[in-house]
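Quick note: numbers below take in every heavy atom, side chains included, and nothing from hydrogens, waters or symmetry partners. Residue numbers run from 1 in the order of the sequence given.
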Amino acid sequence: MKIGTPKEVFEGENRVAMTPDSAKQLQKLGYDCAIESGAGAGAGFSDAAYEAAGVEVVKTAAGLWKEVDIVAKVRQPNATELKRLTKGKTLISFFNPAGNEEGMEAAKAKGANVIAMEMVPRISRAQKMDALSSMANIAGYRAVIEAGNNFGRFFTGQVTAAGKVPPAKVLVVGAGVAGLAAIGTSTSLGAITYAFDVRPEVAEQVESMGAEFVYLDFEEEQADGAATGGYASVQSDEFREAQLAKFRELAPEVDIVITTALIPNRAAPILWTKDMVEAMKPGSVIVDLAAERGGNVEGTVADEKVVTDNGVTIVGYTDFPSRMAAQSSSLYATNIRHMMSDLTPEKDGQVNHDMEDDVIRGATVTFEGEITFPPPPPKVQAIAAKPKEVVPELTPEEKRAAEVAAFKAQTKQQVTLLGVGGALLLLVGLVAPASFMQHFIVFVLACFVGFQVIWGVAHSLHTPLMAVTNAISSIIILGALMQIGSGSFLVILLAALSVFMAGINIFGGFLVTRRMLAMFQKS
């Protein structure tokens, strides 16, 4: 089968769904590759580079759509492209199925199979195909770069002979993939970075990247993001009011705000209101990554940069990944290639559209003349954080009673064991000679004492304990030393060998113990 990539018809889109490197990988899966002439030019990939990679360059889009079996593209197909679909043809692209019912109906009528890359379920196995995350990662990085381009000062603080420059304060609203990328870029540039998210479990991720998580003084139990496939969920009105109050408090202090909050299949929630924009200092910058869905900021205009009356710049660009087309195309083409790997388990160049596979089923929106959107929930759910068990604190009286009960139970167990052991020794003594019993009693006591000593040692110290035990057990070296002066050559040889082996045990045992114990000490 042949897989092809047309030139993107969406105005200003520079990305391409196939790169020369990804084409080589697709050929290893058994596919022939084709691309429309000039499709990769915006991302820096020439037709010659594709030809060198064994890709057929087709002059027109119509010719490409006609001769390929699988079409891989970036943007949602327009009406003209949908007309070019035929029965049995597979389309892989961003498709916006929740807001593109007309497109799904057209694909259904044509009998084409459509895989929407934004519908890849967020489970561990599908991370390699998660095009939303790979594009959001680039958007988060680029958002900070755009903010810096419109911000009149350094991100990092400086003390120079010409004066002192305070560090910029950056607030990232939403700590998803784009938010974490923005946090990482901002902190690496030296800014004081704050981050907020409605999912409490991301606080550790935020703090591990050097940012400060903004907590709300709010008692309502918040939903774990894993329960909603890794996305934020809709919050209550009380939570929203507490959130907005916190943002109003932060607005006069921060220099840069980057908003990334989106809820699947919904308009972007308004999080930064007009009064917050007015409270910000002149020269401040807001980058709204949700502009394509209406924006998180009041005053955002999609695909434009707006400067408010009080001098705040609101950047509402919707093409951040396209502004880094070479990097975006490489990552997206890799996502496509991994999707094709799952669709081609035999690596024979034939698509096996397995609707029992969680990932393939989740991403498929039309299949064999039927609309399959929305998909059923995946069999493998995202792993949610385990709820913290609240252990009630005991009163002093209850603690004392528990300790007494535990002591009595332990004493009873030990007395029972000693009684049973003594009875067994008496029974053995009735039939065994006195000389045997002397040695047997010493052996039993040694086992008992050794067990009690080792049982009381912390698990982390078992290895050094065993090393010391090896060293002490090498007291057999005394017997070897006594025999080394024997007149027999064989006995001398065996005794010398015994001294050598026991010496390794002694010195090695103490050396291992020393090194192990050093691991538990502060330098």
Side-chain angles (χ1 to χ4, degrees), residues 122 130-157 167-215 225 230-232 243 246-247 250-251 253-263 268-272 276-277 280 283-293 295-297 300 302 305 312-325 327-328 331:
R122 282 192 163 176
D130 191 352
L132 275 181
S133 291
S134 59
M135 296 301 100
N137 181 32
I138 292 174
Y141 171 85
R142 183 70 187 198
V144 177
I145 302 302
E146 290 290 340
N149 187 46
N150 289 280
F151 187 54
R153 294 195 287 109
F154 292 141
F155 269 65
T156 186
K169 291 184 178 180
V170 178
L171 172 64
V172 179
V173 180
V177 176
L180 291 173
I183 290 166
T185 308
S186 175
T187 53
S188 66
L189 290 173
I192 298 173
T193 308
Y194 303 93
F196 173 81
D197 198 284
V198 299
R199 298 165 297 163
E201 69 269 17
V202 303
E204 289 185 7
Q205 299 177 44
V206 167
E207 290 166 355
S208 70
M209 298 183 75
E212 181 181 333
F213 190 76
V214 177
Y215 290 94
Y231 294 96
Q243 175 181 292
K246 189 67 178 180
F247 290 164
L250 292 170
E253 301 177 17
V254 295
D255 302 299
I256 295 170
V257 177
I258 298 173
T259 62
T260 69
L262 280 174
I263 299 172
I270 296 295
L271 300 178
W272 206 260
M276 298 176 197
V277 176
M280 295 179 73
S284 299
V285 179
I286 302 172
V287 181
D288 192 346
L289 289 179
E292 195 168 7
R293 296 281 187 89
N296 296 138
V297 182
T300 295
K305 180 172 70 175
V312 176
T313 302
I314 304 175
V315 179
Y317 300 150
T318 61
D319 60 345
F320 286 111
S322 183
R323 289 169 182 257
M324 300 181 69
Q327 183 75 76
S328 300
L331 295 181

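Note that OG1 of T318 is 12.0 Å distant from CZ of R293, once rounded to the nearest 0.5 Å. One finds the OG1 atom of T185 at 6.5 Å from the OH atom of Y141 (value rounded to the nearest 0.5 Å). In this structure, NZ in K169 is found 9.5 Å from CG in L250, a value given to the nearest 0.5 Å. The structure places CG of L171 at 9.0 Å from CD1 of I258, a figure rounded to the nearest 0.5 Å. Here the straight-line distance linking atom CG of L180 with atom CG of N137 works out to 9.5 Å at 0.5 Å rounding. Rounding to the nearest 0.5 angstrom, the gap separating the CD1 atom in I145 from the OG atom in S186 is 10.0 Å.
More than 12 heavy atoms of other residues, nucleotides or ligands shown are found within 6.0 angstrom of CZ on F151.
Contact between M280 and V285 at its shortest, heavy atoms only, is CE-O, 4.4 Å. Between A139 and L289, the shortest heavy-atom distance links the atoms O-CD2, 3.9 Å. When every heavy atom of P167 is checked against every heavy atom of D255, the shortest pair comes out as O-OD2, 4.3 Å. Of all non-hydrogen atoms in V297 and I314, the two that sit nearest each other are CG1-CD1, 4.3 Å. Smallest separation of non-hydrogen atoms from D197 and A175: OD2-N, 2.6 Å. Between T300 and G316, the shortest heavy-atom distance links the atoms CG2-CA, 4.0 Å.
When atom types are taken as modelled, the side chain of S134 and the backbone of A131 share a donor-acceptor pair closer than 3.5 angstrom. Side chain of N296 to backbone of L271: no donor-acceptor contact under 3.5 angstrom is found. Put simply, the side chain of T193 never gets that close to the backbone of A211: no donor and acceptor are under 3.5 Å apart. Although no hydrogens or angles enter the test, the distance criterion places a donor-acceptor pair under 3.5 Å between the side chain of S208 and the main chain of Q205. Here the side chain of T260 pairs a donor or acceptor atom with the backbone of V173 at under 3.5 angstrom.
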Margin query: Using the rule given for side chain to side chain contact (heavy atoms under 4.5 Å, CB included), can you reason through V214 versus F247, listing the C-alpha separation, both sets of side-chain angles and the distance that settles it, and then say yes or no?
Written below: CA-CA 10 Å; V214 177; F247 290 164; 5.7 Å; no
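Using bins of under 30°, 30° to 60° and over 60° for the plane-to-plane angle, the ring pair F213/F196 lands in the parallel bin.
Residues satisfying the side-chain hydrogen bond (donor to acceptor under 3.5 Å, both in side chains) test with E146, not counting sequence neighbours, are R142.
Counting heavy atoms from C-beta outward, V277 and I286 have side chains that approach closer than 4.5 Å. In this structure the side chain of V287 reaches within 4.5 angstrom of the side chain of F320, judged on heavy atoms.
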